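Heads up: the structure comes next, in structure tokens.
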4 protein chains.
Amino acid sequence: MPPATPEPAARPLRVREDPAVRRQAILEAAARLFATHGFADTTVRDIGDEVAIKSGSLYHYFASKDAILEAVLREFLADLGTATAAIVSAGTSPRRQVTDLVRHAFTLMGERPYWVLTYQNEFLRLAGQPGFEFVAGESARIEAAWVAALTASAEAGDFAVDVPVAVRYRLVRDATWTAVRWYRPGEELDAAALAERYVAVFYGNHAAG
Amino acid sequence: MPPATPEPAARPLRVREDPAVRRQAILEAAARLFATHGFADTTVRDIGDEVAIKSGSLYHYFASKDAILEAVLREFLADLGTATAAIVSAGTSPRRQVTDLVRHAFTLMGERPYWVLTYQNEFLRLAGQPGFEFVAGESARIEAAWVAALTASAEAGDFAVDVPVAVRYRLVRDATWTAVRWYRPGEELDAAALAERYVAVFYGNHAAG
Amino acid sequence: MPPATPEPAARPLRVREDPAVRRQAILEAAARLFATHGFADTTVRDIGDEVAIKSGSLYHYFASKDAILEAVLREFLADLGTATAAIVSAGTSPRRQVTDLVRHAFTLMGERPYWVLTYQNEFLRLAGQPGFEFVAGESARIEAAWVAALTASAEAGDFAVDVPVAVRYRLVRDATWTAVRWYRPGEELDAAALAERYVAVFYGNHAAG
Amino acid sequence: MPPATPEPAARPLRVREDPAVRRQAILEAAARLFATHGFADTTVRDIGDEVAIKSGSLYHYFASKDAILEAVLREFLADLGTATAAIVSAGTSPRRQVTDLVRHAFTLMGERPYWVLTYQNEFLRLAGQPGFEFVAGESARIEAAWVAALTASAEAGDFAVDVPVAVRYRLVRDATWTAVRWYRPGEELDAAALAERYVAVFYGNHAAG
DNA sequence: GATGAATGAGTGTTCATTCAT
DNA sequence: GATGAATGAACACTCATTCAT
């Protein structure tokens with residue numbers, strides 16, 4: 001039943017959240033949309049809808065739609081770079097490092113699949129685009145860590161089959177990271193279990209000891 | 001045998017006059033643009049420019065931009081399905097079949113990288129989109145062939161490491177097909193050589209005799 | 001009385017005018033709007049409304065709103081430059097040339113006031129703007145013609161009062177061209193009569209013989 | 001005489017603390033921006049930046065962007081009206097009055113060019129706009145003073161050339177006030193010298209006695 | 001009095017699609 | 001078949017204005 005006296009046109013409920021929280025919410029929403037619809041097919045209105053603000057208000061947080069993508073990629077690559085550096089500088093055995101890299105990848109794909117997908121889907125297009133040079137730079141640093149660990153493991157004689165490291169790196173990287181397209185945690189195998197099996201295949205054997 | 005009546009000499013030399021030829025040229029151009037710029041970032045004008053006709057004329061060949069994408073994917077999947085079926089019904093050994101599947105994949109990535117990339121890039125977005133149900137259907141048929149070959153090979157004891165076939169299939173598929181992002185023929189290793197090394201790693205050993 | 005049977009939703013009446021005619025109509029409408037509301041306050045939708053096409057269709061004729069302004073100014077300055085050159089190279093006396101320049105200005109202000117106003121209103125803002133260098137260039141050429149005629153007339157002793165030519169030029173130019181803000185033909189004095197009186201004041205006397 | 005009680009020394013040196021001072025600073029900044037970029041192309045952010053406050057705070061001083069323009073024009077026209085009235089009611093000779101009006105105009109253009117330009121640039125557009133009727137009203141009052149002085153001077157036989165006063169007024173007004181587009185004090189001729197030459201040309205002779 | 005966050009209406013521009021010629 | 005002109009719906013982005021803090 002409607003109220004007897006009509007309510008005055010309800011003023012919009014301005015929640016006045018913490019700006020830093022809202023900024024992060026925008027990035028989360030944007031990453032999800034970029035990953036599922038593609039950057040070009042995602043409109044700033046779509047992003048605004050997801051965080052319940054008008055598209056114009058996004059421009060208080062980011063200078064442009066491109067800047068949102070940039071922030072997503074910067075945060076993603078910073079986190080990935082930090083974790084990668086931690087793994088390869090831990091002083092553990094090469095195979096341990098490779099295993100940790102793969103396991104961390106599966107964990108990350110489980111936790112933040114949209115960020116990983118956004119990175120993968122936009123990587124090629126962004127190569128050489130002004131303002132996005134950091135993508136190639138940071139990617140190269142991470143690639144170097146993987147290649148170093150694989151090289152050390154090969155020199156230690158860990159692999160059942162001998163192939164050039166450039167070939168092995170790509171096989172390992174592609175098999176691992178492409179899993180983001182189908183891997184969802186909570187299924188039969190968790191990140192650690194999957195990583196272990198992947199690594200076993202990569203090496204052609206199970207870890208000694 | 002040449003026609004009895006000589007053709008008039010003055011006819012202007014218009015290449016690609018055959019509608020079927022032009023239709024195919026449109027698909028080639030579209031696939032290249034879809035792969036390099038993305039479907040959403042490719043305009044029908046771009047496609048028209050590549051084949052030297054105005055965008056409006058594209059609509060004599062295809063009902064819509066979506067229809068061009070559909071035709072690209074239909075042709076790609078039809079060819080891939082045919083080749084896949086031929087390999088797995090050749091009566092060869094399981095490992096031979098797996099090797100042929102991988103080798104064929106590398107060959108195809110070398111010959112038609114843009115078609116492969118278009119398929120990969122749009123696959124997720126197209127899932128469940130009306131008119132594109134054939135993509136999932138055809139993909140499932142091809143997947144079944146790969147899984148069958150891998151299962152047979154596992155049952156034959158070919159693999160050094162034992163993992164569930166669902167896991168192995170995805171690892172093999174992802175490692176193989178993602179190579180389209182970097183593999184270009186004419187480099188150090190050709191398709192056959194690369195395929196051989198990939199298969200060796202997948203199996204954890206080199207093919208017997 | 002409405003017809004008994006409802007008419008089918010009337011398809012838009014596409015007049016299919018001569019494109020060159022429509023292009024010119026766009027320029028006329030744009031000049032009028034730029035002059036009366038200012039360039040910044042004129043929307044491309046306003047322009048489209050005046051020529052009965054949608055704003056998007058304007059982009060078949062011009063690459064941008066700026067390009068419309070550029071075309072207006074180019075046409076205006078080309079016409080003005082041609083007329084100016086014809087006057088000062090006619091071999092007439094200096095005072096005759098000055099009189100003709102002023103008379104032509106009044107005629108032009110009567111015939112195309114909006115073009116003159118657009119030029120005047122946007123001149124300062126456009127100085128140094130990329131793509132609009134021709135405005136300053138062409139303006140300088142026209143100014144040189146006026147200064148030459150005034151200088152020759154001063155050397156001939158035509159002026160009752162002696163002032164530096166730079167001062168006189170600006171006085172004459174400003175007094176003459178600013179008339180576009182109020183002069184409309186069909187009032188008491190026509191262009192020729194007004195020009196004659198202006199010139200008489202500029203010279204401090206009436207023309208001899 | 002300095003105040004008896006010394007001011008506290010530690011007070012932070014905040015210039016422009018007085019609201020009236022800040023209000024005036026806003027008008028100065030706004031006039032400069034309106035004159036150089038145009039009213040439509042000036043944002044309230046631009047104005048705020050110039051006086052180091054956020055755009056929202058401008059609304060403590062003015063009700064709207066239009067109200068800022070209105071205040072600029074009101075102050076400008078009030079000052080100009082006062083000065084004009086003082087000149088024409090001084091009891092001096094008609095030619096003296098005309099000379100003083102022109103000299104005051106040049107002085108004003110030197111001191112407050114942006115106010116003059118804002119007035120000129122927005123005058124046409126504002127005609128008949130609600131809230132801006134005072135512009136036409138005040139302008140008419142000033143025009144009447146110029147016309148009266150010119151009429152009296154003509155009746156005194158000061159002019160070398162005889163033209164209708166309506167024509168002469170416009171010529172004199174336009175030549176004089178349009179100088180704001182190029183006149184900057186500190187060049188060869190100062191306001192008084194320029195005014196003298198302009199008046200000499202307007203009269204067709206130099207002042208007697 | 002000052003601010004930052006938010007809005008809503010609008011801006012120039014793009015583009016897949018249509019269709020008379 | 002081919003085209004150029006036209007459209008309409010969308011797009012990223014801007015900005016004067018409001019208001020709780």
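Source: prediction; values computed, not measured. Convention: sequence-line order gives letters A, B, ...; per-chain numbering from 1.
- Among pairs with a residue in residues 44-66 of chain C, none fulfils ring-ring contact (aromatic ring centres under 6.0 Å, His included), at least two apart in sequence or across chains.
- With hydrogens and angles ignored, the 3.5 Å screen pairs no side-chain donor or acceptor of Gln24(C) with any backbone N or O of Arg22(C).
- If you measure from atom CZ of Arg23(A) to atom C1' of dA6(E), you get 18 Å, rounded to the nearest angstrom.
- Spacing between atom CD1 of Ile53(D) and atom C1' of dG1(E) amounts to 10 Å, rounded to whole angstrom units.
- Between Ile26(B) atom CD1 and dA16(E) atom P the separation is 14 Å, expressed in whole Å.
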5'-to-3' dot-bracket of DNA chain E (Watson-Crick, G-U; under 3.5 angstrom; crossing pairs as [ ]; | other strand): .||||||||||||||||||||
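- For Arg45(A), the side-chain contact (heavy atoms from CB on, under 4.5 Å) partners two or more places apart in sequence, or in a different chain, are Thr43(A), Ser55(A).
- Looking only at side-chain heavy atoms (C-beta outward), Val135(C) and Leu77(C) come within less than 4.5 Å of each other.
- Of the candidates Tyr114(B), Phe34(B), Phe132(B), Phe34(B) is the only one forming a ring-ring contact (aromatic ring centres under 6.0 Å, His included) with Phe39(B).
- For Thr43(C), the listed nucleotide lying nearest its side chain is dT11(E); candidates were dT11(E), dC11(F), dA16(E).
- Close to dG1(E), at under 4.0 Å from its OP1 or OP2, lies no side-chain N or O of Arg22(D).
- Separation of atoms CD1 (Ile47(D)) and CD1 (Ile53(D)) is listed at 10.0 Å; rounding is to 0.5 Å.
- Each of Ala52(C) and Lys54(B) was assigned the nucleotide of DNA chain F with the nearest heavy atom; the assignment lying further toward the 5' end belongs to Lys54(B).
- Pairs passing the side-chain hydrogen bond (donor to acceptor under 3.5 Å, both in side chains) check and including a residue from residues 30-40 of chain C, sequence neighbours excluded, read Arg32(C)-Glu50(C).
- Near DNA chain F, defined here as any heavy-atom distance below 4.0 Å, the residues from residues 44-51 of chain A are Val44(A), Arg45(A), listed numerically.
- Of all the residues in residues 55-64 of chain C, Gly56(C), Ser57(C), His60(C), Tyr61(C) reach under 4.0 Å from DNA chain F with at least one non-hydrogen atom.
- Rounded to whole angstrom, the span from the NZ atom of Lys65(C) across to the P atom of dT14(E) amounts to 15 Å.
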